[in-house]
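Note that the coordinates shown come from a computational prediction; the quantities given were computed from them, not determined experimentally. The first residue in the sequence is number 1, and the count goes up from there.
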Amino acid sequence: MTAPGTRAGTPATDTDDLDVEEALALVRDVHKDPGDDGTGRPPGTPAQPSGGRHRATPWPRARETAARAARAQGPRNGDGGATGARRAPVPLPLGDALGLVLAAPLEALTDLPSFDTSAMDGWAVAGPGPWQVREDGVLAGHAQPDPLTDGEAVRIATGARIPADTTAVLRTEHGRIDAQGRLHTTREMLHGQDIRSRGQECRTGDQLLPVGTLVTPAVLGLAAAAGYDTVTVVPRPRVEVLILGDELLTGGLPHDGLIRDALGPMLPPWLRALGADVVAVRRIGDDARALRKAITGSAADVIVTTGGTAAGPVDHVHPVLERIGAELLVDGVKVRPGHPMLLARVSDHQHLVGLPGNPLAAVSGLLTLAEPLLRTLAARPAPEPYTLPLKEAVQGHPHDTRLIPVVLRGDHAVPLRYNGPAMLRGVAAADALAVVPPGGARQDEETELLDLPWATAGIGVCFT
């Protein structure tokens with residue numbers, strides 16, 4: 001097998017000290033073969049230096065690489081570039097489309113409103129007042145009422161069809177009936193007042209929303225109003241979770257060197273909150289043959305493994321990926337916790353995210369590699385980056401980024417204790433993770449934050 005991240009027949013070029021654009025330009029000049037292979041390195045750059053130890057990817061570049069990897073496997077557009085969603089768009093009932101992204105424009109199937117309607121409860125009146133009130137009334141959902149003649153009024157409900165020749169709708173609170181049963185207005189009335197004219201919001205064929213719009217509850221309401229029963233969307237990426245480790249218990253208290261599995265209960269809902277369709281959760285243990293069979297037999301778009309990404313005697317992820325010819329796109333990240341995470345392309349249509357086994361390190365891997373990969377596969381827009389000042393100084397790693405759980409209090413982010421690789425106590429109480437650069441961050445220093453999907457109160461909170 002060629003070196004991870006290396007295309008067969010392509011000479012290795014050391015470009016790690018170049019930025020991405022410079023590196024891509026260099027390789028294009030050398031090979032005359034443009035294109036981004038989604039590795040975060042130009043084609044032909046090895047994921048491992050000649051010494052055999054992998055060279056970890058800087059944290060920002062690792063996230064960019066994960067997003068590019070998803071775009072690289074998408075269908076091609078007219079310019080030859082990938083669109084970012086490999087799976088074909090699907091029509092879904094409105095009730096199933098929440099949180100997905102429109103794959104086709106939402107165009108009006110009818111005029112809105114589709115007929116002239118009353119905007120208020122009151123009377124439809126014709127000509128100048130006072131008016132003689134008809135005995136019947138007009139309700140929403142009924143057939144077209146009889147036309148009005150000058151000097152005539154009829155009771156009308158909000159949303160009801162306007163009788164032909166109506167001048168305006170007089171609100172209930174702006175009219176009075178005299179002893180002879182005639183209607184008078186108590187305020188000046190304008191022609192067309194409180195009538196929603198046909199096509200006021202849109203005309204048939206108007207584009208209401210473009211491709212790429214996130215389907216929110218309001219989008220569902222608009223689609224229903226415009227006459228849709230289904231909308232065409234980018235489907236959720238299918239994810240299979242493989243839990244590795246013979247030492248993991250599924251119930252009871254830890255004992256005899258065995259520990260409770262924290263990732264099995266945590267990962268599926270977290271992945272769903274990131275927009276994935278979790279199709280299976282399987283426990284493999286520390287069995288290389290079973291792991292290889294599970295990976296090669298999976299039909300998921302993304303496989304997520306837990307543990308086994310280091311170089312210990314039962315860490316089988318790297319050897320199995322090498323044996324099946326997978327391409328390592330990210331082999332270690334300069335981040336703490338979570339340094340031994342990895343991203344591999346198993347096939348043209350499938351990726352594997354290898355998470356470290358320590359719980360908080362696995363969270364780091366989720367937000368570093370799984371989140372941008374899944375987001376791009378689902379064609380969802382990237383969140384706008386934002387910063388807040390830290391309430392306290394945070395000690396940094398000399399060379400690596402640190403991800404620290406924080407709570408948001410006013411206009412500050414407050415770092416939490418219990419932020420070791422094996423600890424979940426801090427992140428369980430957190431609103432976000434602070435991205436602490438190498439060397440640390442001072443008190444009141446502006447620091448980038450990564451929201452946790454349920455802390456934003458958005459529609460991405462989807463645990464079922």
Gap separating the [atom1] atom of [X] from the [atom2] atom of [Y], nearest 0.5 angstrom:
X      : Y      : atom1 : atom2 : answer
Leu248 : Thr250 : CG    : OG1   : 9.5 Å
Glu327 : Ile324 : CD    : CD1   : 12.0 Å
Lys391 : Leu408 : NZ    : CG    : 12.5 Å
Glu247 : Asp286 : CD    : CG    : 6.0 Å
Leu109 : Thr204 : CG    : OG1   : 8.0 Å
Met341 : Thr368 : CE    : OG1   : 4.0 Å

Chi angles and distances behind the side-chain contact (heavy atoms from CB on, under 4.5 Å) call for Tyr228, Leu222: CA-CA 9 Å; Tyr228 285 83; Leu222 176 61; over 6 Å; no
Could you check if a side-chain atom of [X] sits within less than 4.5 angstrom of a side-chain atom of [Y], using non-hydrogen atoms only?
X      : Y      : answer
Tyr386 : Asp451 : yes
Arg236 : Arg272 : no
Arg196 : Met120 : no
Thr110 : Leu112 : yes
Leu450 : Glu371 : no
Leu329 : Arg68  : no
Thr309 : Asp315 : no
Thr447 : Thr387 : no

What do you reckon, is [atom1] of [X] surrounded by more than 12 foreign heavy atoms closer than 6.0 Å?
X      : atom1 : result
Arg417 : CZ    : no
Arg425 : CZ    : no
Arg260 : CZ    : yes
Gln395 : CD    : no

Where do [X] and [Y] come nearest, in terms of heavy atoms and distance?
X      : Y      : value
Ser364 : Pro337 : OG-O, 2.8 Å
Pro438 : Pro398 : CB-O, 3.8 Å
Leu291 : Ile284 : N-CG2, 3.6 Å
Ala103 : Pro89  : CB-CB, 3.5 Å
Ala344 : Leu321 : CB-CD1, 3.9 Å
Val234 : Leu377 : CG1-O, 3.7 Å

Okay, side chain of [X], backbone of [Y]: is any donor-acceptor separation there less than 3.5 Å?
X      : Y      : result
Asp331 : Leu342 : no
Asp287 : Arg289 : yes
Gln350 : Ala300 : yes
Ser298 : Ala294 : no
Asp121 : Thr158 : yes
Thr401 : Val335 : no

Note: Arg238-Asp277 ion pair, threshold 4.0 Å (strictly below): no
Worked verdict on Leu355 versus Leu263 for side-chain contact (heavy atoms from CB on, under 4.5 Å): CA-CA 10 Å; Leu355 302 178; Leu263 298 182; 5.7 Å; no
Intermediate values then yes/no, side-chain contact (heavy atoms from CB on, under 4.5 Å), Val239 and Leu274: CA-CA 11 Å; Val239 175; Leu274 293 177; over 6 Å; no
Test log, rule side-chain contact (heavy atoms from CB on, under 4.5 Å), inputs Leu403 and Val435: CA-CA 5 Å; Leu403 300 182; Val435 182; 3.9 Å; yes
